[in-house]
Each structure stands twice: as C-alpha cells, then as structure tokens.
> 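Structure incoming, see below.
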Amino acid sequence: MRLATWNVNSLRSRIDRVEAFLQRHDVDVLALQETKAREDQLPLMGLQAMGYEVAAAGVNQWNGVAILSRVGLADVEVGFPGQPGWGEPAAAEARALGATCGGVRVWSLYVPNGRKPDDPHYVYKLDWLARLRDAATGWLGEPTALVGDWNICPTDDDVFDPAQFRNSTHVTPPERAAFQAFLDEGYLEVTREHAPGYTYWDYYRQRFERDRGLKIDFVLGSPSLAERVTGAFIDRDERAGTGASDHAPVVVDLTTP
DNA sequence: ATGGTGGCGAGGCCA
C-alpha cells in the first residue's frame, strides 16, 4: 500500500496537481492538510472518475484536513479524538481526522503553527500536541500512522538556517520535546531514513530554488506499522513550477501484512 | 524590525 501526505495549501486551487500526483505515483491513500474548502466545495468529480473517494474530511474557514483513498479501501471514518472538547479550538479548526484504510488507521494532522513563542497560539500548540500524544498512546497496539504537517523541525538539520530561526516557532526546545514525546511513547518516524531533505519551502525569496527549506512533514508509525515500511520519498518536483503548494508531498510504501 | 508570496474572498487574516 502506498500512503502519502501533503499540505496542499488549498485543494480547490490545486486539484489538477492532486489528480496528477495520485496518478503519477499510483497512490492508494492521500492525507491532505490545509484543504481550505468546505465539504460542499470539495472538487470530487475528477477524483471519483479516477477511483478515489473521500475517506474523511473536516473543513473550516481557514484550514481543513482530508483523507482520499481508493474506492473501497477505507472502512471507518473517525472524528477528532476525545471529542467533545478535544484540542479546543481544534474542533473549529479541523486539524485531525482519521480513517482506517486497508487495515491502517491513518490520521491526517495539521499541527497548530504557533505563530510566535510569546503568542497564545504557541501555548495552544504545545497543549494540542500533548493531548494528541495522550490519545495516540492508546493506538500503539494497532497499525497507526500519524501523518501530516507537524510544524516542528526536530533537529537543526531540518532548518536551512538555524541562526535565523533562533527565536522562532518550529525549533524551540518545548516544541522539539513535544515531538520527541511521541517517539518516547513508542512511535517511529519512518520517512527520514529513506527521504532526507526538506518538505517545505516558503513562497518568498525563492526559497525553493535555493533549497532553503524546513523539514516539518512527517509520518510517525506505531511499531506494527513501522515494520511494514519498505521505502519513502519526497516528491520535490511537485514543489516546482507555477501553482505549487509551499509543501512537497511525502510518500511511504507499506507491505501488505 | 520589516517585508517578501500565496489563498481566500472581497478586507484583512492566515501561513
């Protein structure tokens, strides 16, 4: 099974790229972030013609996550964990949705950005991650993939210029500790060893052309998921050209158990 | 410290 995650930065504006990406790489399950469309706005005609359906979708004014899967692959859609009240105001922001696809519980995550370390959103980010970790600990015994835009650079190697980011979000010790906490609980990040390099490049200052990016999109697997990973890659080509998202998709291959 | 670009939707807000 081929699983991918992509912060698409508007599904409507990039539907042609999404369809081409699915076909180019023969993707079975695609977790999307920053869909930026209400459910009734999701452009699905072409996707349905290609044999895909929406396994899960949660949207709001600013954001939204979704999971596309091949028709018949998804059998369960899951809402925000621990609802009601989980990760407030996450419920209004559509930051986490899960679906069981081919026996794997896939969670499409858009971790709060945090804005600035002295901003209330930064506290919210850490709190949200702690709640997700608590819930995710309960899923360690099953094949679980926590995929998406984590908005954290776990190491300095994941930042093109660590000095420039010294007082910024994404790199602070508390954020890195929040990410590490998932690993301490037993999750494994399964893409880095196969797919080094950045996954996000800011739109301005020609950051992509100069490869000045961040590595913030990850796939964390429970042990029974991680042992099935045979490879992974970052589709850097998808970040090139006009009309690209500011994130590149990350693709992971799994053996069938 | 600021501004650089892009999406949404029609003025800022968000990243």
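This is a predicted model, so every value here is computed, not measured. Chain letters run A, B, ... following the sequence lines, proteins first, then strands; residues in each count from 1.
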> Take D211(A) and R236(A) through the salt bridge (charged side-chain N to carboxylate O under 4.0 Å, His left out) test and state the conclusion after the steps.
CA-CA 10 Å; D211(A) 196 26; R236(A) 285 178 60 105; 3.3 Å; yes

> Just the rounded figure in Å: distance from P of dG6(B) to CG of N113(A).
19 Å

> From CH2 of W6(A) over to P of dA15(B), roughly how many Å is that when rounded to an integer?
20 Å

> Given R2(A), which partner from the list D28(A), D235(A), D253(A) fulfils the salt bridge (charged side-chain N to carboxylate O under 4.0 Å, His left out) test?
D253(A)

> How far apart are the closest heavy atoms of A99(A) and I67(A), and which atoms are they?
N-CD1, 3.8 Å

> Mind listing the closest non-hydrogen atom pair of V8(A) and E34(A) along with its distance?
CG1-O, 3.9 Å

> Once you round it to whole Å, what is the distance between C1' of dG12(B) and NZ of K36(A)?
14 Å

> State plainly whether one hydrophobic cluster holds both W107(A) and L183(A), where clusters connect Ile, Leu, Val, Met, Phe, Trp and Tyr through side-chain heavy atoms under 4.5 angstrom apart.
yes

> Should S245(A) be listed as having a side-chain N or O under 4.0 Å from OP1 or OP2 of dG6(B)?
no

> Pick the P atom in dA1(B) and in dG12(B), then give their distance to the nearest Å.
25 Å

> Distance between the C1' atoms of dG4(B) and dA15(B), in whole angstroms?
13 Å

> Quote, to the nearest angstrom, the C1' distance that separates dG6(B) from dA10(B).
16 Å

> Test question: given the 4.5 Å side-chain rule for I, L, V, M, F, W and Y, name all other residues clustered with V250(A), or answer none.
I234(A)

> Give the rounded distance in Å between these two atoms: CD of E34(A) and C1' of dG7(B).
9 Å

> Any residue in residues 201-217 of chain A with a heavy atom nearer than 4.0 angstrom to DNA chain B? Just list them by number, or reply none.
Y203(A), Y204(A), R205(A)

> Give a yes/no answer on whether the side chain of R14(A) brings an N or O atom under 4.0 Å of OP1 or OP2 in dG6(B).
no

> When the nearest nucleotide of DNA chain B is assigned to D246(A) and to G243(A) on a heavy-atom basis, which residue is associated with the more 5' position?
G243(A)

> Sticking with atom P, work out how far dT5(B) lies from dG9(B), rounded to a whole angstrom.
22 Å

> Between N63(A) (CG) and dG6(B) (P), how many Å, whole number?
20 Å

> Strictly under 6.0 Å, is that where the ring centroids of F160(A) and F165(A) end up?
yes

> If I take atom OH in residue Y122(A) and atom C1' in nucleotide dA15(B), what distance separates them, rounded to the nearest angstrom?
18 Å

> Can you tell me if R12(A) touches the phosphate of dG7(B), counting only side-chain N or O atoms and a distance under 4.0 Å to OP1 or OP2?
no

> If I take atom CD in residue Q33(A) and atom C1' in nucleotide dG7(B), what distance separates them, rounded to the nearest angstrom?
16 Å

> Rounded to whole Å, how long is the line connecting atom CD of Q164(A) with atom C1' of dT2(B)?
13 Å

